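Only one structure is covered here, and it is reproduced in the block below.
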Number of protein chains: 2
Amino acid sequence: MAKPVVPEDARRRRRPTRRGVVLSERLIVETALRMLREHGSAGLSARRLGAALGADPSTLYRYFDGMDALTLAIGEELIGRALDGWAVTGQWRHDLRELGLRIHGAYLSHPQAAVLTAGRVTGRPREIAADEAVLGILRTAGFPDPEAVLIYHAFIDQSLAFAALDAGALALSEPSRTSDEGQWESTYARLPADEYPHISATRRLLAARMNHSAYPVALDMLLASAESRLQALRAG
Amino acid sequence: MAKPVVPEDARRRRRPTRRGVVLSERLIVETALRMLREHGSAGLSARRLGAALGADPSTLYRYFDGMDALTLAIGEELIGRALDGWAVTGQWRHDLRELGLRIHGAYLSHPQAAVLTAGRVTGRPREIAADEAVLGILRTAGFPDPEAVLIYHAFIDQSLAFAALDAGALALSEPSRTSDEGQWESTYARLPADEYPHISATRRLLAARMNHSAYPVALDMLLASAESRLQALRAG
DNA sequence: TCCTTATGCCAACACCATTGACCTTATCTT
DNA sequence: AAGATAAGGTCAATGGTGTTGGCATAAGGA
């Protein structure tokens, strides 16, 4: 069972594949990401990835322990991309809002990877950097430590949770997704008004809202609540 | 492709399987839930479920359009369990809080199933009942329709998103989970204080917090924000 | 130049969901 | 009571998946 899996920087002999491609972790992860984006929700498989690389599927196992390890590598790449170019301005509410939207957006741009990855604590440098940044923003803004930790926790988990939820919707296979999205137009919109008065009364608003992410609204509500806690602390 | 799939209440001829089991949607869903609990989310397959029921896998297609439809039915069952015994008291904030905690709890009691279903819109009766209830609570409380729809959406997605995230943590295979949970004790708690001052300063609070769900805090923040919006509306 | 072995390829395995053909028997009709 | 109908079971087959062990070949150190 013990697959050796030579770490990337210890590789010396790079033999090209039959079709002349020289493999590397980097190339594999990037190709996988491109396939996920282009081929969309149809998904990633060892066979297809191999075909795209011009290599036999089993060759991938020389680089990753399995598809799960590959997925984690992809997830790590996503966290990195979310933080790229982000900088603190000093306005805590604005900074947190920006960061939340970036995390959410980065995951959503690769739903398949997000589904498998968003719930995991990686402990890698980029993730730690994000945690430190959020805690710093809150403590600098004036939240006392216990409060800062509570809000940090809610903030980061809510971002990841919505990322995973929304990514899950995008990652559904084609028939399932259109069925889900159609729910609000079909079933819900035609419910009898006497039995479901509230859904019925708001059906147009619902149809307009429900196929978008609720994350921005939820994020703003969390930040608004944090701000009023802060004001209460200052007043009292 | 058109599989007939007679709806449950139109079924008349119930032929027992070769092993004498009489099938029904209910029995299938309950068996699937039991299998998920016992063998994990990878442990549910048409073949295994068939074997557990003493029936051929293909028999399931007489009851569900496919594994996807079965998954939706499982999700509906979980929502139903969340609503069992829940009743509106008229205090909107208390009612929503109670409902949110119930949904979260119901999914967490079957983490493997939650991972599969928490992101899906089922459009079945009990899900619709939950939606109608939440909308009703908000509109009755005095939120104007557009506001009620926004908050409803954020509330319900927040509940499901956290349910999925927290369930995902519980559903991890044993080695992965203890590794994830140990992060806060090991890696994070030992970071150099000069490089990560904020994590360092709060490490005890973090260790105490991070292995629990952030959902109750996030939920309370969402409700607090909703309440102040309502007050602003009344004042203005 | 020769040897070692990293790394590619191939074939096979076990599993998966799903489908179409077939058969059996519960229920309805006469 | 007998026959007709079709619901609902079984069986066999298709084409997909991740993964593995054996083998071949060429890269790079000696």
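All chains are named by letter (A, B, ...) in the order of the sequence lines, taking the proteins before the strands, and each is independently numbered beginning at 1. Keep in mind it's a predicted model, so treat the numbers as computed, not measured.
As a whole-Å value, the separation of L23(A) CG from dA6(C) P is 17 Å. Between the CG atom of D68(B) and the C1' atom of dT18(C) there is a distance of 13 Å, rounded to whole Å. Counting to the nearest Å, the P atom of dG9(D) and the CD1 atom of I28(B) are 8 Å from each other. Atom P of nucleotide dG9(D) and atom CG of L53(B) are separated by 10 Å, given to the nearest angstrom. In this entry the distance linking CG of L60(A) with C1' of dC10(C) reads 15 Å, nearest Å.
The side-chain hydrogen bond (donor to acceptor under 3.5 Å, both in side chains) check on E132(A) picks up nothing, with sequence neighbours excluded. In this structure, the side chain to side chain contact (heavy atoms under 4.5 Å, CB included) partners of A113(B), at least two apart in sequence or on a different chain, are L33(B), L36(B), I74(B), L78(B), H110(B). Applying the side-chain hydrogen bond (donor to acceptor under 3.5 Å, both in side chains) test to R97(B) and every residue at least two apart in sequence or in another chain returns D220(B). Residues passing the salt bridge (charged side-chain N to carboxylate O under 4.0 Å, His left out) test with R47(B), sequence neighbours excluded: none. For R15(A), there are no side chain to side chain contact (heavy atoms under 4.5 Å, CB included) partners two or more places apart in sequence or in a different chain. With sequence neighbours excluded, no residue forms a side-chain hydrogen bond (donor to acceptor under 3.5 Å, both in side chains) with T31(B).
Among the heavy atoms of the strands, none lies under 4.0 Å from F64(A).
Remark: the backbone N or O of S109(B) is paired with a side-chain donor or acceptor of R37(B) at under 3.5 angstrom.
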Protein-to-nucleotide contact annotation, 5' to 3' order, nucleotides 24-30 of chain D [B base; S sugar-phosphate only; - none; under 4.0 Å, heavy atom]
BBSBS--
Between protein and nucleotides 10-18 of chain D, map the contacts as a letter string: B base, S sugar-phosphate only, - none, heavy atoms under 4.0 Å, written 5' to 3'.
BB-----BB
Please set out all donor-acceptor pairs under 3.5 angstrom arising from side-chain atoms of residues 79-87 of chain A, sequence neighbours excluded.
from: R81(A); atom 1: NE; to: E77(A); atom 2: OE2; distance (Å): 3.0
from: R81(A); atom 1: NH2; to: E77(A); atom 2: OE2; distance (Å): 3.4
from: D84(A); atom 1: OD1; to: R126(A); atom 2: NH2; distance (Å): 3.0

